[in-house]
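Below you'll find the structure, written out as structure tokens, and then a few comments.
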Amino acid sequence: MEHHSEYKQYESKHAPTWCPGCGNFAIWTALKKALARLHIPPHKVLMVYGIGCSGNMANTIRAYGFHGLHGRAVPVAVGAKLANRDLTVLIAGGDGDGYGEGLNHFIQAIRGNVDVTYLVHNNSIYGLTTGQSSPTSRKGFKSKSTPAGIIETALNPIALALAANASFVARGFAGRLDELVDLMIAAIEHTGFSFVDMFQPCVTFNKLDTYGSYYDSVYSLADMGHRPTDRLTALAKALEQGKLPVGIFYQDAARPSYQAELPYLKQSLMRTRSHDRDLKRLMREFI
Amino acid sequence: MRNELLVHSLVPRSPFLVPDGICYTISIIESRAPGAETKMARYLFSWKIGGEAGFGIKSAGLMFSKMCNRAGFEVFGYDEYPSLIRGGHNSHQVTVSKTPVASTAENIDILVALNTETIKRHTHELSHGGALIYDPATTTVTLSPQLRERNLKLVAVPLAAMTRQALGSIVMRNIVALGATQALVSLPFGILAGVIKKTLAHKQAEIVAANVKAAKLGFDEVSKQLEKLDFKLKLEATTQPEELLLTGNDALSLGALAAGMQMYVAYPMTPSSSILHYLASQAVSQKIVVKHAEDEISVINMGLGASHAGVRTMIGTSGGGFSLMVESLGLAGITETPLVIVEAQRPGPATGLPTWTEQGDLRFVLHAAQGEFPRIVVAPGDHEECFYMTAEAFNWADRYQVPVIILTDKFLAESVRTVLPFDPKRVWIDRGKARMSDAAIARMKDYQRYRVAPDGISPRSIPGQKNGIYLANSDEHDTYGFSNEESANRIAQVRKRAAKFAKASEEINGAKLYGNPRARLTVVGWGSTKGPILDALSWLPRRMQRKINFLHINVVWPFPSEAVHRILKRSKRALLIENNSTAQLGGLIRQQTGIYMEHKMLKFDGRPLYPLDIKERILSMH
């Protein structure tokens with residue numbers, strides 16, 4: 001177990017502004033513990049944040065950070081990793097942010113398999129805008145924007161990621177901290193796009209998806225003997241009704257990352273010479 | 001300041017600016033012909049090939065251009081095509097001149113018709129004594145009484161039959177037609193054969209041989225007819241230093257590579273796509289990442305991510321894609337992330353005229369995104385400026401830590417032109433405080449990314465650098481980057497960003513005056529109208545040229561208010577020329593200088609400006 005001071009190095013001078021009891025506290029803690037256990041120094045980490053309660057974590061983490069726009073964290077992270085593969089790049093976003101506004105980027109990043117880790121704080125509600133339904137709100141969920149109950153059915157991000165052929169798909173729960181740390185470590189260590197959906201109870205606006213309801217329905221995939229190498233079994237687990245499995249659904253460690261598919265780049269762009277190109281040679285083609 | 005001087009010293013090679021420029025009148029136009037006196041154009045001649053998409057129109061145009069350039073002439077080529085892949089009508093027109101040329105003509109002297117549609121659409125553009133090359137087997141020529149008076153030379157060449165004779169495919173009709181043209185203008189066949197061999201060097205030997213044979217058949221056929229045709233234009237090949245033949249997009253891409261760009265992100269959109277194609281083709285050799293992202297929102301955010309990580313990054317699009325990028329443009333502004341953005345305009349709104357030209361987005365890019373933040377908007381006027389100003393754009397993006405928008409349009413982006421090779425020594429890389437050494441960052445005590453400085457420019461660290469940790473934040477932030485909503489902090493950060501713009505305004509001068517500074521009439525334009533305007537001015541009688549000058553604005557923001565005010569106050573009259581319907585630059589001039597531009601020449605039919613029209617407008621004001 002890591003020493004307390006080891007994970008304190010990832011804390012900024014600013015305290016979180018989440019509501020007491022918010023699931024984000026556990027995610028924040030898990031993130032710091034995971035980085036500490038992996039011994040990645042803060043200056044080698046780039047955290048990219050979306051906008052929402054999840055993105056507000058930006059002020060509390062001590063690491064390089066880019067707090068971008070609502071829904072647009074994923075492409076920022078992809079661009080940064082393509083520029084400097086030596087960085088550990090993580091994305092912290094929310095369900096409204098990543099499954100609503102920015103859903104397209106999520107699916108496309110899966111296709112590219114760029115080596116970044118995508119952590120989604122999924123509370124099935126818009127918290128920062130004071131309680132509207134989100135893409136993962138259960139059908140019939142009543143909120144400020146859907147007072148008669150939401151008509152749309154809930155998105156299943158795990159099944160979606162599996163269908164899009166993500167190389168690492170996992171789900172955690174803020175109420176199971178140690179497991180969340182392990183999942184984050186596995187996700188960061190995975191080479192390729194790793195996706196972790198995280199149940200994050202919103203104690204202020206979501207009275208349906210509570211700690212209690214999650215404790216009643218989550219169970220560990222590993223405990224049930226699930227082997228994360230088979231995509232079809234993983235999909236069956238993702239589509240399971242009633243109970244909510246957590247853990248690694250699927251991992252394809254053999255699939256090359258985007259960078260590995262650019263063999264002409266032996267090293268990070270940041271280490272590649274670019275200032276003395278042979279312009280005369282380039283111009284010859286136009287003569 | 002040195003960069004500003006660099007751009008200023010880019011004097012275009014225009015006959016207007018050559019003190020003793022020789023007046024080349026068109027030799028093809030028979031001086032006896034009615035109306036010939038209005039056609040004092042200085043183009044030597046103009047050649048056009050037309051047919052369906054898929055007929056090899058553009059490739060024939062490029063080979064024709066190369067052939068003329070090898071023979072010692074300057075060329076300017078321009079495509080007109082609909083937004084289709086097969087069918088529809090395509091044409092490529094090449095203007096040929098003894099002196100540098102930067103515009104396309106409304107008249108043509110030689111027309112190659114690969115189908116009957118070409119004859120219907122373009123025969124009326126033929127000048128007196130002009131020639132029409134066609135295949136009697138596939139194309140019918142019917143001339144109106146008016147056209148019959150023009151003494152057109154009908155050059156019948158069995159194009160399709162000759163491709164079969166050369167054991168080639170039907171698409172090689174364009175090659176036969178090139179051979180026919182070569183004979184028609186009395187240039188030796190060897191030049192064309194050389195161009196074909198070089199262009200097709202990557203193909204199999206039999207294919208190259210078939211193409212050369214097809215061209216030779218066309219050449220021989222017209223050589224036989226030459227005496228009977230009595231075509232007036234006879235060219236004499238000369239040798240001249242090797243020149244580049246490239247599009248504005250090619251020049252811009254080379255400028256970016258010269259500037260050390262390492263990442264290009266784009267989503268295909270006419271007329272910006274050929275930047276993506278060229279850079280993708282060079283990715284391996286230049287060790288750059290070229291990413292075709294899923295949409296333009298992703299494009300700009302990937303660009304920001306890469307730039308945040310420290311590499312020089314460019315993104316490209318047209319107005320539609322830029323519309324999607326708008327929110328993220330503000331993100332570049334508040335996080336002070338350098339980024340070069342190419343916006344190659346086409347006529348809007350919405351899908352508009354996807355493959356035609358317009359300068360309709362000036363006001364849009366000036367004001368795009370909510371809130372107030374500094375930006376630089378560059379509008380190169382020609383292919384040379386596409387190269388040198390793109391390289392400069394990277395320096396400005398880094399030095400002022402702002403987004404720099406390069407505003408071109410279809411006319412500039414896709415036209416091909418002969419230019420002297422670019423000079424690598426005139427490009428230097430200045431990353432300002434956007435890329436500090438590890439040691440410099442490590443030395444700083446209590447590093448603050450957004451520390452308030454008098455000129456607003458604060459040193460930027462790069463992820464991975466020790467001691468440089470900070471948060472790039474879309475929220476208003478304190479000097480470390482942490483969210484901060486306090487009044488005093490907000491004022492300090494708004495002023496910090498504004499100070500950078502004030503500095504840029506002092507250091508960048510986007511107003512260039514060509515011609516006599518004491519002239520009574522000033523022609524005013526921005527961006528791509530530079531070529532047609534300079535060509536038009538060079539066609540005026542010498543005594544008139546001394547009374548007219550041309551104010552070209554190639555950096556529209558920061559606006560060169562002081563210079564524009566001074567120049568316009570000195571001249572008696574001014575003529576504003578723009579490729580849009582609302583005189584967007586005119587509005588900007590009034591906003592920035594108080595001067596109202598009374599005389600305007602506005603064109604917004606998707607076509608570029610023609611020098612002859614400009615010349616006539618100037619004559620009417622004189």
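The shown structure was predicted, so the numbers you read here are calculated from the model rather than taken from an experiment. Note: hydrogens, waters and symmetry copies are ignored here, and every other heavy atom, side chains too, is used. Numbered from 1 within each chain, the chains take letters A, B, ... in sequence-line order.
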Inter-residue atom distance A:L282.CG - B:L244.CG, 0.5 Å rounding: 11.0 Å

Ring-face cation of A:K13 near B:F482 (centre distance under 6.0 Å, axis angle within 45°): no

Passing candidate, side-chain contact (heavy atoms from CB on, under 4.5 Å) with A:F66, options B:L331, B:L471, B:N473: B:L331

Euclidean distance, B:K198 NZ relative to A:E285 CD, rounded to 0.5 Å: 8.0 Å

Residue pair A:R281, B:S285: steps toward the side chain to side chain contact (heavy atoms under 4.5 Å, CB included) verdict: CA-CA 11 Å; A:R281 221 188 96 233; B:S285 76; 4.3 Å; yes

Heavy-atom proximity to chain B below 4.5 Å, by part of A:A58: both

Chain B contact via A:I107 - which portion, at a heavy-atom distance below 4.5 Å: neither

Interchain contact, A:L279 with chain B, by part (heavy-atom threshold 4.5 Å): side chain

Separation of A:D276 CG from B:I429 CD1 (nearest 0.5 Å): 8.0 Å

Rounded distance [0.5 Å steps], CE in B:M263 versus CG in A:L82: 4.5 Å

Heavy-atom check, side chain of B:Q262 versus side chain of A:T272, under 4.5 Å: yes

Heavy-atom proximity to chain B below 4.5 Å, by part of A:L46: side chain

Student check: side-chain heavy atoms of A:P75 and B:I297 closer than 4.5 Å: no

Distance in Å, A:K44 NZ paired with B:Q465 CD, rounded so as to fall on 0.5 Å steps: 10.0 Å

Region of A:L269 in contact with chain B, defined by heavy-atom distances below 4.5 Å: both

Part of A:H105 lying under 4.5 Å from any heavy atom of chain B: both

A:R284, part contacting chain B, at a heavy-atom distance under 4.5 Å: backbone

Any donor-acceptor N/O pair, A:Y64 side chain to B:G468 backbone, under 3.5 Å: yes

Min side-chain heavy-atom separation A:N84-B:P463 under 4.5 Å: no

Any B:V427 side-chain heavy atom under 4.5 Å of A:R277 side chain: no

Part of B:R449 within contact of chain A (heavy atom distance under 4.5 Å): neither

B:F387 CZ to A:M283 CE distance, which is reported to the nearest 0.5 Å: 6.5 Å

Check: A:F286 ring centroid to B:Y278 ring centroid under 6.0 Å: yes

